[in-house]
Amino acid sequence: MIMASRVEKPCLCYTFSLEIITIKIFLLWVCTSKVGALATSVSDESAGGEEAEALMTWKTNLDNRSQSLLSSWAGNNPCNWDGIACDNFSTIRHVNLTGLGLRGTISSFSFSSFPGLLALNLGNNSLYGAIPPSISNLSSLIHLNLSANQLFGRIPSEIGLLTRLQTLYLDKNGLNESIPREIGMLSNLTVLSLLNNKLSGQIPEEIGMLKSIRVLELSNNGLTGSIPSSIGNLANLTKLAFVSNYLSGPIPSSIGNLTKLTELYLMHNVLSGAIPPEVGKLKYLSLVGLVGNDLNGSIPLEMNNLTYLRYLLLSNNRLSGDLPDNVCNGMLLETLTAHDNYLTGPIPKSLRNCTSLVRVRLERNQLQGNISEQFGMYPHLDYIDLSYNNLYGELSHKWGQSQSLQSLKISNNRISGEIPSQLGEAVQLHVLDLSSNRLVGAIPKELGKLMSLFDLNLAGNKLIGSVPQEVGMLSNLVHLNLAANNLSGTIPDLVGGLKMLSLNLSKNEFSADIPTTIGTIKSLQVLDLSHNLLTGEIPPQLGELRSLEVLNLSHNELSGSIPSRFDEMVSLTAVDMSSNHLEGPIPDNKAFYRFGTFGDNKGLCGNATGLELCPSTKRGGEKGIDSVILVIVIVLGPLFLLLVVGVILYFLRARNILRKKLNMGRQSPNDNLFVIWSYDGKMAYNNIIKATENFHPKHCVGEGGHASVYKAELQTGQVVAVKKLDTLEDARVAELKAFESEIRALTEIRHRNIVKLYGYCWSPHHSFLVYEFLEGGSLENMLRNDKAAIEFRWNERLKLVKSVADALSYMHHDCSLPIVHRDVSSKNILLDSDYEANVSDFGTARLLKPSSSSWTSFAGTLGYTAPELAYTLEVTEKCDVYSFGVVSLEVIMGKHPGDLISFLSSLSPSVPQTGHNLLLKDVLDQRISSPIDQFAEEVVFVAKLAFGCLRIDPHSRPTMRQVSQDLSARRPHLPKMFDRITLNEVIYSA
């Protein structure tokens, strides 16, 4: 305005002489230039100055690293700073600092200093704390993005004052409490994203006032109550997502008013009632997601009208009746999942020519019809599961023409006829499961062409003949199950199956010896050759299967002794060698004497249920008895031999007849569910969701910094521990492939003192790890409970220390790549009923490849981490050694040895502290009596080892292999009375 007034006045001098006009023009130029400069300067100082000061104040409240990231923020002109954009008047209009990794709060951000701000984007940082009510001062704001931070607390009701707001992103934080009703005041809002928080309460009715809204995202929260009927007022809505909440009641019929809707996500809630027929009015729908609810009734016929449908997801409900017959009328359908319902009737006719199909899951229903007439040829189909239905007929040879097909599962139906040899043309097949049907004939050798096959399950049919050698050469085979057929001949050499995890050839008529080549399959975890006609001795090479967990050789004709190599099979958890002709001692192995079954053998002995103890020495007179027996054998041998042969032939014939009658049924429903699930190569996501009721708090048994642990009882009765990762932790995993490879490596850890990691699930909705569940709880809780600690005797404590050492030694020295746990602590050591340790929680573990850097971010539990991590982040095995030392002292002291460790770190390495005469017995757990005799010697030894592990210099600490071996060695006698041993003597002899 100053410039304008000076320009207008010279125009009045038009009648002056040329000279005067020239002078006036010159003066006008001078004045205009100076005043213009002055105006700009004033603008900079008034607007830019205050805004710059506000930004600098906020910067100084961030951590040091964040301040270094904003190094360009200097001087008084913020328009030149990184992430700042101004208008022509030098007023800040946009602040965009997304993805910089800034850490600090936003409460120190002076919102009142930015009345003209149009966009504030602070997403994908590490900002924490609450959203302050003063954010309402951004009265001009159109775009607000605070997503993917660590914000918590409530969404302030004052946010409703930002009436010009069009997009609001607060997703992927820790925001809690309810959604404020004032959200309905944002009449210009087009996008509202609150997913992945901890919001609770009901969805406010006022949500229906957002007349401009196009995208509404409330997924992955704790919202309860019903879906408000006012949702039908959102006529412009194109995407509605309420996934993974606790919403109940029916789907409101008013949803039929959302005529522009293209995506409807209501999965994983507890919605009930029928699918409203009004859904059929939403003619532009491309995705309908209703998975994991309690919906019942039939699928409305009106859904045949959805000709733009690409994804129809109806699984895990209680739906009945038929599938929509014209579900693929638009020829766009890619994914159809309706498994785990009560659907009847035939496969929809429109699917026969639905060439757009990519994924079909209809398993566990009651679908009927002739399968040979209901499917065509699908160029894009990669997954189809029709298992557990009432389908009959023969398999079509057209399945071989589906060149993209990776998984074909039609188990537990009434399929008959032979396996078509054309299946060998589906060269992309990874999984082929035709188990529990009525298939006959031989296994076609053409299946040997399926070089990508990793899961072949033909169990529970009527197949005959031998196993083709071509099948044994499949190099990627991981699971092979041919159980419960009429297969015969010898077991083939599985020369290609070096990646195999499970091999089940039980309940057939295989004869001759067990192939020694099975011992070369180092990865094998389950081996079941039971109920066959195998003869000869057990190959010693099977003792090389160090990852084996389940071994079943029962009901054969095996003879001889069990090889001594089996002593070292530390991964075994179940052994059955009953009903053979074995003799001699059983291996000195926990799995054999605690979990083994050996009944009906010739002469096995050992410390196991049902067996006699093996004699340590020959008794007197034994030689004479042997002589008498020898004479009897020589005289009566021929007659006895004829009698034995007759009896054996009779029983063999009767046994074979009986086995064919009894052992051709389906597999037991009580089998380990993870053995079944592993055929998919993935965790059974929906079973976990059901077992935990969508991770309801009542199933939660523990919480950590970035994860919660749930107890899940699966449909087979198996109980597992589910560690659900928080969304914040999910966000930190930069590369899914790296995460997958790491978890796969951890699932291959097999040691009796390491909690078994069954697998993992990575999903946009929930990510979790599934572990073996141990009722004994953690060592930390055991030691904190006085009653439990009193029952925790010295022999059990010492055994626990040895178990932890064995587990860490295995991880560091016996895995293909050494694995560092990084968080060894009493909370991560679980106990079984015999107080034996089970090391758990590999959430922070990392594979250490010799050629790669082991530098990483800090992880671990305070009080257990090695001191070098205070000044370096280099993680080595010696970090675990230090943590083991802390845990060992904690076990014998009954509490965390914090003061003792502080004392140790204060000692000079060269000058003994002779003035410190505290006795060792005085620092031990006073809730139980002092150890005596052998236990006293072992306690002193454990204390010395622990202090050796706590040395400040990591290079001077022992390895875990040395610790494990030392704990197994014979203890030296104490040089003096236990009651007189001082702490100094223990520390300086460590």
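Computed from a predicted model, the values in this text were never measured in an experiment.
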Decide side-chain contact (heavy atoms from CB on, under 4.5 Å) for L247 and I203; before the verdict, give the C-alpha distance in whole Å, the side-chain angles of both, and the deciding distance to 0.1 Å. CA-CA 9 Å; L247 299 174; I203 300 173; 4.0 Å; yes
K756/E549 salt bridge by N-O under 4.0 Å criterion: yes
Assign the ring pair H430 / F454 to parallel, tilted or perpendicular, where the plane angle (0 to 90°) is split at 30° and 60°. perpendicular
Side chains of S315 and H339: donor-acceptor distance under 3.5 Å anywhere? yes
Output yes when a side-chain donor or acceptor of D382 lies under 3.5 Å from a complementary backbone atom of R359, and no otherwise. no
Below 4.5 Å, heavy atoms only, C-beta onward: do R361 and R364 meet side chain to side chain? yes
I'd like to check L503 versus L524 (side-chain heavy atoms, cut-off strictly below 4.5 Å). Are they in contact? yes
S436 (side chain) donor-acceptor with G460 (main chain) under 3.5 angstrom: no
Non-hydrogen atoms of L434 and N437 that approach each other most closely: O-ND2, 3.1 Å
Taking all atoms of both residues into account, what is the closest heavy-atom pair of N532 and N508, and its distance? OD1-C, 2.9 Å
How far apart are the closest heavy atoms of S523 and M500, and which atoms are they? OG-O, 2.7 Å
Sequence-distant partners of Y308, ring-ring contact (aromatic ring centres under 6.0 Å, His included), two or more places apart: Y284
Value rounded to 0.5 Å, distance of CG in N317 from OG in S320: 11.0 Å
Carefully, step by step, assess S502 and H479 under the rule side chain to side chain donor-acceptor pair (under 3.5 Å). CA-CA 5 Å; S502 65; H479 304 284; 2.7 Å; yes
Main-chain N/O of T262 paired with S286 side-chain donor or acceptor, under 3.5 Å: yes
Indicate the ring-plane relationship of Y246 and H696, choosing parallel, tilted or perpendicular according to the 30° and 60° boundaries. perpendicular
For S506 against N504, the heavy-atom pair lying closest together: OG-OD1, 2.7 Å
With a 4.5 Å cut-off on side-chain heavy atoms, are L463 and V440 touching? no
Are any non-hydrogen side-chain atoms of N245 and T224 less than 4.5 angstrom apart? no
Establish, from distance only, whether the side-chain atoms of E334 and Y311 form a donor-acceptor pair under 3.5 Å. yes
Only one of L333, T335, L332 forms a side chain to side chain contact (heavy atoms under 4.5 Å, CB included) with R310, so which one is it? L332
List the steps, then state whether side-chain contact (heavy atoms from CB on, under 4.5 Å) holds for I443 with L482. CA-CA 10 Å; I443 299 174; L482 305 177; 4.2 Å; yes
Indicate whether any N or O donor in one side chain lies under 3.5 Å from an N or O acceptor in the other, for D171 and S193. yes
State, yes or no, whether a side-chain contact exists between E302 and P277 at a heavy-atom distance under 4.5 Å. yes
Report the C-alpha distance between L529 and F510 in whole Å, list the side-chain angles of each, state the deciding distance to 0.1 Å, and finish with yes or no for side-chain contact (heavy atoms from CB on, under 4.5 Å). CA-CA 9 Å; L529 304 179; F510 291 113; over 6 Å; no
Flag, side chain of N412 to backbone of S387, donor-acceptor distance under 3.5 Å: no
E363 side, atom CD; D433 side, atom CG - distance, nearest 0.5 Å: 10.5 Å
Looking at N220, is its backbone amide N or carbonyl O close enough to the side chain of S244 to form a donor-acceptor pair, meaning the two atoms are under 3.5 Å apart? no
Does any non-hydrogen side-chain atom of T238 lie less than 4.5 Å from one of L261? no
Gap between atom CG of D322 and atom OG of S298 - 0.5 Å precision: 9.0 Å
Locate the shortest heavy-atom distance separating P228 from P252; write the atom from each residue and the value. O-CG, 4.2 Å
Quick check against the 3.5 Å criterion: does S350 have a side-chain atom that pairs as donor or acceptor with the backbone of D325? yes
Quiz question: by atom type and distance under 3.5 Å, do the side chains of N305 and K283 form a donor-acceptor pair? no
Measure the shortest side-chain to side-chain distance between N389 and Q368 over non-hydrogen atoms and say whether it is less than 4.5 angstrom. no
May I have the step-by-step check of side-chain contact (heavy atoms from CB on, under 4.5 Å) for H380 and S356, ending in yes or no? CA-CA 7 Å; H380 308 295; S356 57; 5.6 Å; no
Between OG1 on residue T337 and CG on residue L362, distance to nearest 0.5 Å: 8.5 Å
Any donor-acceptor pair under 3.5 Å from N365 side chain to L367 backbone: no
Is a side-chain donor or acceptor of N476 paired with a backbone partner of M451 at a separation under 3.5 angstrom? yes
Does atom CZ of R352 have more than 12 heavy-atom neighbours, drawn from other residues, nucleotides or ligands, at distances under 6.0 Å? yes
Looking at CE of M377 and OG1 of T355, how far apart are the two atoms once the value is rounded to the nearest 0.5 Å? 9.0 Å
Verify, without hydrogens or angle tests, whether N341 (side chain) and R318 (backbone) share a donor-acceptor contact under 3.5 angstrom. yes
Within a strict 4.5 Å, meaning less than it, do heavy atoms of the E693 and K698 side chains meet? yes
For residues L423 and L450, report the shortest heavy-atom separation together with the two atoms involved. O-CD2, 3.6 Å
Is there a donor-acceptor contact under 3.5 Å linking the side chains of H699 and T692? no
Assess the residue pair N486 and K462 against the criterion (side chain to side chain donor-acceptor pair (under 3.5 Å)); give the C-alpha distance rounded to whole Å, side-chain angles, the decisive distance to 0.1 Å, and a yes or no. CA-CA 6 Å; N486 296 322; K462 301 178 180 180; over 6 Å; no
With a 6.0 Å cut-off on ring centres, are Y710 and F695 close enough? yes
Backbone of L487 reached by a side-chain donor or acceptor of N485 within 3.5 Å: no
Here the gap from R438 atom CZ to N413 atom CG, rounded to the nearest 0.5 Å, amounts to 10.0 Å
